[in-house]
Amino acid sequence: MSWVWLVPVLPLVGALVNGLFGRHISKRWVGWIGCSSIGLALIVSLGVLLDLLARPAGQQLFIQPLFDWMLGAQVAFQVDPLSALMIIVVSGVALLIHIYSIGYMSADSDYSRFFSWLNLFTFSMLLLVLADNFLLLFVGWELVGFCSYLLIGFWFRRPAAARAAKKAFIVNRIGDWGFLIGIFLIYVTFNSFDYQTVFSQAPGALVPGGALVTAITLLLFAGAVGKSAQIPLYVWLPDAMEGPTPVSALIHAATMVTAGVYMVVRAHALYALAPVSLELVAIIGAVTALIAATIALVHNDLKRVLAYSTISQLGYMFLAAGVGAYSAAIFHLMGNAFMKALLFLAAGSVMHALSGETDMRLMGGLYPKLKTTARTFLIGALAMSGIPPLIGFFSKDLILSETFARGHPVLYFIGLLTAILTAFYLLRAAFLTFFGRSRVRKELEPQVHESPPVMLWPLRGLAALSVLGGAVWISGTNFTPLEGFLRPVFADLPLKPEAVPAALGEGSLLIISVLAALVGIAIAWYLYLTRPSAADALARTFRPVYTLLRHKYWLDELYGALFVRPGIRLARFLATVFELRLLDGLVNGVGGLIDRSGGLLRRIETGYVRQYAALFLLGALGVLAYLFLMR
């Protein structure tokens with residue numbers, strides 16, 4: 001356990017070595033350094049987990065202080081079941097993505113810069129989840145935002161990539177502004193940033209449901225809304241697809257976007273005292289899940305469909321956290337890390353075969369040439385759809401059943417409708433990409449080929465995790481090792497409430513969940529394999545709805561009209577009128593006045609003694625005249 005500091009430090013060392021010396025060594029060594037630093041961090045993480053499991057449940061908390069910092073805070077790492085699980089998920093998924101990147105980025109001229117930043121991204125997330133106080137959490141929080149800016153704009157010579165990076169950075173600053181104020185409120189209230197101090201004193205220092213705890217939790221949640229791409233700040237995440245596909249996989253699976261969910265779960269002791277905040281978390285999560293799923297129905301860019309899927313699945317996690325099902329939220333976070341990394345890397349494999357193409361209308365019929373990619377993508381799509389016995393079935397069914405059991409039937413039905421849409425758009429993507437007639441451009445047809453083994457083995461590994469990961473939580477039985485493992489983290493919460501009496505039992509809810517997924521898959525099968533013309537006819541019939549979804553509810557346009565264009569006009573006014581004319585005019589006017597005054601004085605300073613004597617005499621006479629007149 002005392003070696004836990006190596007978990008974030010090892011990726012940081014890899015980032016520094018590749019960043020400083022990567023251009024002077026071979027790509028092979030760059031890849032080895034980048035991957036081995038994450039691999040060693042994973043080994044240490046597994047050792048930390050084993051050490052934690054060997055301890056009694058009441059002693060599964062270890063804090064390792066490194067050094068004093070500021071405002072009474074320390075740079076210290078906290079190990080408990082939640083942080084132990086997170087570092088394994090982050091380092092494990094990051095390792096597979098790093099290995100995949102060896103093949104995917106092999107032809108890029110900035111290979112060492114990519115691995116350096118990817119290592120730094122992983123370090124930032126590991127720092128975030130291991131922090132034992134809000135101040136250190138904020139450092140990791142901002143670092144993942146900074147790294148996302150670097151990696152989304154990795155191909156910065158492309159205008160679209162540069163714009164996407166700036167958009168992600170600016171939108172996240174909006175949420176982070178509220179997040180930082182929330183942290184300041186915590187410090188003012190508790191005179192500490194330390195988790196243990198804040199959470200232990202919260203019941204006595206804060207009035208349950210009071211204005212202060214509600215303000216703190218809502219401000220913290222504002223940061224989560226930005227970081228985890230929820231309504232209304234989700235608009236940056238689809239544009240983030242301009243970065244390399246491994247970056248998309250890492251952002252969506254195990255780093256930045258999961259930070260908000262982790263923070264809410266970590267701060268559950270505060271949210272338990274703020275029922276209004278919890279209700280808002282659940283509502284925003286459910287609405288975001290539904291809205292993002294509807295947008296994904298009609299988009300044709302493969303990566304953007306997966307991006308909206310991420311937004312939707314994050315909504316599920318916030319729904320679970322908002323109804324108090326924190327273990328379910330973390331279980332879905334873990335499952336989503338496997339499934340979403342798998343889907344993105346499989347999409348990258350398709351792009352690798354098609355020279356970067358992402359438009360599904362220019363794909364189709366790829367299964368015979370990309371069998372491993374197609375099979376693993378299908379596993380990820382079916383798992384995310386909630387088909388048993390894949391991991392997504394257990395985690396999504398758990399969220400839906402917990403939502404219903406805890407007395408939120410409306411949110412349950414929103415989640416159920418989202419499940420139908422999820423199955424539809426993911427299988428639509430699979431069918432359009434791999435099956436049916438080929439729509440690949442003729443010049444690309446001869447070169448379509450499967451990816452190299454270094455890219456396929458991570459796909460197989462993630463597919464195995466998506467198939468077998470449900471074993472950590474078997475819904476409907478008493479065999480729930482993950483819930484039992486996480487229980488010490490939530491020991492301060494009241495016991496789980498009994499299910500709300502209803503006509504629908506747990507078994508019925510499970511059957512309904514599976515049927516919802518099958519309905520979505522059946523509709524996708526019919527529209528895109530059995531009768532492809534029906535999809536176009538449906539779009540024509542519901543043209544207004546289709547247009548609304550294609551334009552993403554015109555939210556980007558609304559933000560452009562309300563904030564972006566007025567902001568640009570204000571910036572231009574300040575730059576051209578206020579600064580150049582007013583400020584520069586004022587400064588130049590003062591300078592001109594001084595210059596003209598100096599010109600007058602230069603005429604007096606002639607250097608002739610006779611003139612100085614005459615002026616002295618005139619001055620003396622003036623003084624005498626003044627004194628005489630004043631008598």
Does [X] reach the side chain of [Y], with side-chain heavy atoms less than 4.5 Å apart?
X: Phe424; Y: Ile420; value: no
X: Ile183; Y: Phe138; value: yes
X: Pro238; Y: Ile311; value: yes
X: Gln230; Y: Leu314; value: yes
X: Thr255; Y: Ser124; value: no
X: Ile25; Y: Ile33; value: yes
X: His332; Y: Phe394; value: no
X: Met339; Y: Gln313; value: no

Can you check whether [X] and [Y] have ring centres sitting under 6.0 Å from each other?
X: Trp141; Y: Phe179; result: yes
X: Phe134; Y: Phe193; result: no
X: Phe221; Y: Phe318; result: yes
X: Phe434; Y: Phe377; result: yes

What are the two closest heavy atoms between [X] and [Y], and how far apart are they?
X: Leu382; Y: Ile521; result: CD2-CD1, 3.9 Å
X: Thr418; Y: Ala289; result: CG2-O, 3.4 Å
X: Leu342; Y: Leu459; result: CD1-O, 3.4 Å
X: His252; Y: Asn336; result: O-ND2, 3.6 Å
X: Phe331; Y: Leu398; result: CD2-CD2, 4.1 Å
X: Gly348; Y: Tyr104; result: O-CE1, 3.4 Å

To the nearest 0.5 angstrom, please state how far the [atom1] atom of [X] sits from the [atom2] atom of [Y].
X: Leu220; Y: Leu137; atom1: CG; atom2: CG; answer: 9.0 Å
X: Leu306; Y: Thr245; atom1: CG; atom2: OG1; answer: 9.5 Å
X: Leu411; Y: Leu290; atom1: CG; atom2: CG; answer: 11.0 Å
X: Leu128; Y: Met256; atom1: CG; atom2: CE; answer: 11.0 Å
X: Phe338; Y: Leu333; atom1: CZ; atom2: CG; answer: 10.0 Å
X: Ile87; Y: Leu42; atom1: CD1; atom2: CG; answer: 9.0 Å

Between the side chains of [X] and [Y], does any donor sit under 3.5 Å from an acceptor?
X: Thr294; Y: Tyr553; answer: yes
X: Asn119; Y: Ser37; answer: yes
X: Tyr234; Y: Thr288; answer: no
X: Arg428; Y: Asn300; answer: yes
X: Asp80; Y: Ser83; answer: yes

Check this for me, if you would: do [X] and [Y] make a salt bridge, where the nitrogen-to-carboxylate-oxygen distance has to be below 4.0 angstrom?
X: Arg266; Y: Asp132; value: no
X: Arg304; Y: Asp359; value: no
X: Asp108; Y: Arg113; value: no
X: Lys303; Y: Asp301; value: no

If only atom types and distance count, is the side chain of Asp397 paired as donor or acceptor with the main-chain N or O of Phe393 below 3.5 Å?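 Pair absent, no side-chain N/O of Asp397 close to backbone of Phe393.
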Steps toward side-chain hydrogen bond (donor to acceptor under 3.5 Å, both in side chains) verdict (Ser106, Lys27): CA-CA 8 Å; Ser106 60; Lys27 287 185 176 181; over 6 Å; no
Lys167/Glu242 under salt bridge (charged side-chain N to carboxylate O under 4.0 Å, His left out): CA gap, chis, key distance, verdict: CA-CA 12 Å; Lys167 185 176 183 179; Glu242 294 295 337; over 6 Å; no
Results of side-chain hydrogen bond (donor to acceptor under 3.5 Å, both in side chains) for Tyr326 - residues two or more places apart only: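 Here no residue qualifies.
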Could you work out, with side-chain hydrogen bond (donor to acceptor under 3.5 Å, both in side chains) as the rule, every residue matching Thr433, not counting sequence neighbours?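 By the side-chain hydrogen bond (donor to acceptor under 3.5 Å, both in side chains) rule, Thr433 matches no residue at all.
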Take atom OH in Tyr195; do more than 12 heavy atoms of anything else shown fall under 6.0 Å from it?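 Yes - once you tally the heavy atoms of other residues, nucleotides and ligands closer than 6.0 Å, there are more than 12.
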If the plane angle is over 60° it's perpendicular, under 30° parallel, otherwise tilted; pick one for His551 and Trp554. parallel
